[in-house]
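The shown structure was predicted, so the numbers you read here are calculated from the model rather than taken from an experiment.
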Amino acid sequence: MTEDEILTFPDAPRGELDQALGTLVDLAKQVTATQGRLRALLRANQAVVEHLDLATVLRRIVETAVELVSAQYGALGVLAPDGSLEQLIQVGMSAEEVAAIGRLPQGIGLIGALTEERRPIRLRHLGEDSRSRGLPAGHPPMDSFLGVPVRVRDEVYGNLYLSNSATGEFSTEDEQLITALAATAGFAIDNARLFADSQRRQEWAAASAEITASLLSSEHGIFIDLLTSRTLALADAELVCVIRPTETAEQLVVETARSREGDGPEGTVFPAAGSVAASVIEAGQPRLIDEAEAAALAPTPGRTTGPTMAIPLMVSGMAQGALIVSRAPGGGRFTIVDLEMAADFAGRISVAMQLAEARADQQRVFLFEERARIARDLHDHVIQQLFATGLELQNVAGSLPPGASADRVNRSIDTLDSTIARIRTVIFALSRTRDETPTVRHRIIDLAEELGHALPPEPQIQFAGPVDLVIADALADDVVAVAREALTNVVKHAAAHHVSLTLSVSEDRARLEVTDDGVGLGESSRRSGLANLQQRALHRGGDCSVDSRPGRTRILWSVPVNDTAEQQRGENLP
């Protein structure tokens with residue numbers, strides 16, 4: 001073949017062909033890269049949606065986002081209802097670096113702008129944006145930035161932050177990929193939250209069945225202990241308290257407390273004014289309290305708590321207390337589901353209170369009936385038999401000549417009379433009903449019971465004459481005050497082994513006699529107390545005498561009870 005016969009291509013078409021082939025190769029590479037990133041996005045979506053535990057889902061979202069766009073750092077900020085950051089899940093920083101930063105971001109600067117604008121923000125350099133406020137001390141250096149909101153239906157759940165792209169800056173494709181991942185993450189978070197709510201409802205329902213069974217079989221105290229312990233575990237709480245009003249409306253008391261640390265403030269009494277418990281008792285409505293509000297209001301006195309639920313305990317339409325459930329500072333906020341379930345438990349506490357009150361009424365009725373039966377038996381049988389025995393002994397004594405035998409029989413008759421008087425006192429105490437206004441006889445008996453732990457064993461309390469008919473109102477107040485002063489002196493100074501108190505009415509005079517076998521008055525400071533007794537007696541036109549020596553002290557307080565003396569006495573002494 002000659003030189004002229006060799007085939008050649010023109011240079012211009014050949015260049016165009018090479019350029020077309022290069023373009024095809026570049027397009028093929030772009031298609032391959034795009035396919036690779038799409039496959040990576042599919043894998044990322046699958047990785048995000050394959051878990052149902054919320055904490056695992058949140059961390060998996062951040063890890064997947066960092067891997068998908070080759071970022072060095074990533075974080076997911078969970079928003080509180082007020083728009084501030086409630087929780088931050090981060091990837092890329094060591095525990096030492098996190099500890100050096102110390103606190104969550106405050107939701108200002110770029111983070112605040114992302115929350116407010118609710119659209120992606122992509123920057124080549126953080127410092128180039130006027131909204132950037134810089135990094136806190138101890139924070140590792142960050143340059144390129146990509147932030148995307150994470151939505152759960154119409155709610156912005158949080159924001160996904162990425163920083164330090166491996167290529168120097170995040171691309172438009174990176175923004176599109178992370179936006180698509182955030183959409184999938186929203187569904188995954190919603191599913192995880194629904195699953196968590198379902199699990200919590202199942203746990204609360206199972207515990208509710210146990211509580212219901214316990215409600216029908218347990219005593220009030222045991223039931224409340226069980227219920228507060230279950231609430232502590234189910235609500236993942238740090239402290240659970242049942243708070244009730246005291247006898248005075250100005251104060252509340254922590255009736256029951258359960259804490260993970262085992263040192264609950266049970267028995268603490270605190271002012272009701274301004275307290276969380278008082279507010280829900282007054283309003284009759286439950287409250288959810290975030291950590292900032294809990295720090296200001298202190299739902300449980302003396303304890304620093306985090307997010308708190310406060311639920312009124314309703315009994316017959318009236319709030320009789322409050323259930324306070326608190327997490328530790330930094331704990332997650334309670335949800336509406338938590339509040340609903342805790343309110344259900346609070347309702348069971350209310351039922352327990354009603355049952356306890358009904359059982360107590362039943363026990364009181366039984367007690368009063370039993371006491372009435374015993375009183376009837378003592379009166380109808382024992383006293384009658386003793387009285388008959390005394391009459392028989394009197395007949396025997398009358399047939400005996402004067403001497404030792406007759407004296408012994410007479411002493412036995414006196415002992416029987418004293419025993420009958422004491423039994424009548426017991427009968428009177430047993431016959432008292434719970435709703436009647438206490439008479440002077442009841443008040444004296446109650447006083448002896450109040451001081452019984454300090455008085456000598458088996459103090460003798462006796463009454464003679466119509467004391468309840470004659471001694472009433474202000475005179476009864478004076479008599480009880482004198483009895484208290486005399487018995488208190490015995491407790492403090494006498495060192496006695498026996499003490500007796502006799503209140504009698506005869507010949508238009510009321511007499512109160514207190515006798516003990518103690519050391520006597522001597523130069524005791526009891527003189528000031530005795531002067532008070534003397535003053536009370538003189539104020540009523542009566543007198544007070546004291547006969548004291550070692551082994552026997554007798555105080556006799558006597559005042560007239562006729563109408564004239566009552567009118568002349570003036571106002572009662574304090």
Side-chain angles (χ1 to χ4, degrees), residues 55 77-90 98-109 111-112 115 133 136-138 157-159 228 231-244 250-283 285-313 319 321-343 346:
V78 179
L79 297 178
D82 61 358
S84 62
L85 279 183
E86 180 181 71
Q87 186 181 3
L88 188 70
I89 299 94
Q90 67 82 31
V98 173
I101 298 173
R103 59 181 175 82
L104 292 176
Q106 299 302 302
I108 58 178
I111 294 178
T115 301
R133 300 295 181 89
Y157 180 83
N159 296 310
T228 50
T231 303
L232 185 72
L234 291 169
D236 192 23
E238 183 70 18
L239 179 65
V240 176
C241 297
V242 174
I243 297 178
R244 299 284 303 277
E250 292 77 16
Q251 290 185 318
L252 301 175
V253 60
V254 181
E255 185 177 86
T256 304
R258 289 294 174 269
S259 169
R260 290 189 182 276
E261 298 178 358
D263 59 343
E266 193 164 320
T268 301
V269 178
F270 60 95
S275 67
V276 172
S279 68
V280 298
I281 291 174
E282 181 178 355
Q285 296 294 328
R287 291 179 60 184
L288 278 178
I289 302 170
D290 60 25
E291 185 165 344
E293 189 179 6
L297 295 178
T300 304
R303 297 293 291 262
T304 301
T305 60
T308 296
M309 297 186 291
I311 304 111
L313 303 176
L323 177 67
I324 306 296
V325 184
S326 299
R327 284 177 175 157
R333 60 187 174 93
F334 288 108
T335 66
I336 295 298
V337 173
D338 294 321
L339 186 63
E340 290 175 356
M341 297 298 99

*Residues which pass side chain to side chain donor-acceptor pair (under 3.5 Å) with Ser326, listed by chain and number, not counting sequence neighbours*: Thr308

*asked:* Please find the pair of heavy atoms, one from Arg260 and one from Leu232, that lie closest to each other, and give the distance.
replied: NH2-O, 3.3 Å

*Provide the full list of salt bridge (charged side-chain N to carboxylate O under 4.0 Å, His left out) pairs with a residue in residues 264-282, sequence neighbours left out, each pair given once.*
Arg258-Glu266

*Smallest separation among heavy atoms of Asp290 and Glu293, with atom names*: OD1-N, 2.8 Å

*Please report the closest heavy-atom contact between Leu88 and Gly77, naming both atoms and the distance.*
CD1-CA, 3.7 Å

Show me the donor-acceptor pairs, under 3.5 Å and distance only, between side chains in residues 270-281 and residues at least two apart or in other chains.
unit_1	atom_1	unit_2	atom_2	d
Ser275	OG	Ala272	O	2.8
Ser275	OG	Ala278	N	3.1
Ser279	OG	Val276	O	2.6
Ser279	OG	Arg287	NH1	3.1

*Please determine which of Val254, Leu252, Ile243 meets the side-chain contact (heavy atoms from CB on, under 4.5 Å) test together with Thr268.*
Val254

*Report the C-alpha distance between Ile324 and Leu239 in whole Å, list the side-chain angles of each, state the deciding distance to 0.1 Å, and finish with yes or no for side chain to side chain contact (heavy atoms under 4.5 Å, CB included).*
CA-CA 8 Å; Ile324 306 296; Leu239 179 65; over 6 Å; no

*From Ile311 atom CD1 to Leu288 atom CG, the distance as rounded to the nearest 0.5 Å*: 8.0 Å

*For Asp338, check side chain to side chain donor-acceptor pair (under 3.5 Å) against everything at least two apart and list the hits.*
Arg200, Thr335

*Is the backbone of Ala235 close enough, under 3.5 Å, to the side chain of Arg327 for a donor and an acceptor to pair up by distance?*
yes

*Within a strict 4.5 Å, meaning less than it, do heavy atoms of the Glu291 and Pro329 side chains meet?*
yes

_Between Arg244 (side chain only) and Val253 (backbone N and O only), is there a donor and an acceptor less than 3.5 Å apart?_
no

*Name all residues meeting the side-chain contact (heavy atoms from CB on, under 4.5 Å) criterion together with Met341; count only those two or more places apart in sequence or in a different chain, and write none if there are none.*
Arg201, Trp204, Val337

*Between OG1 on residue Thr305 and CD1 on residue Ile289, distance to nearest 0.5 Å*: 8.0 Å

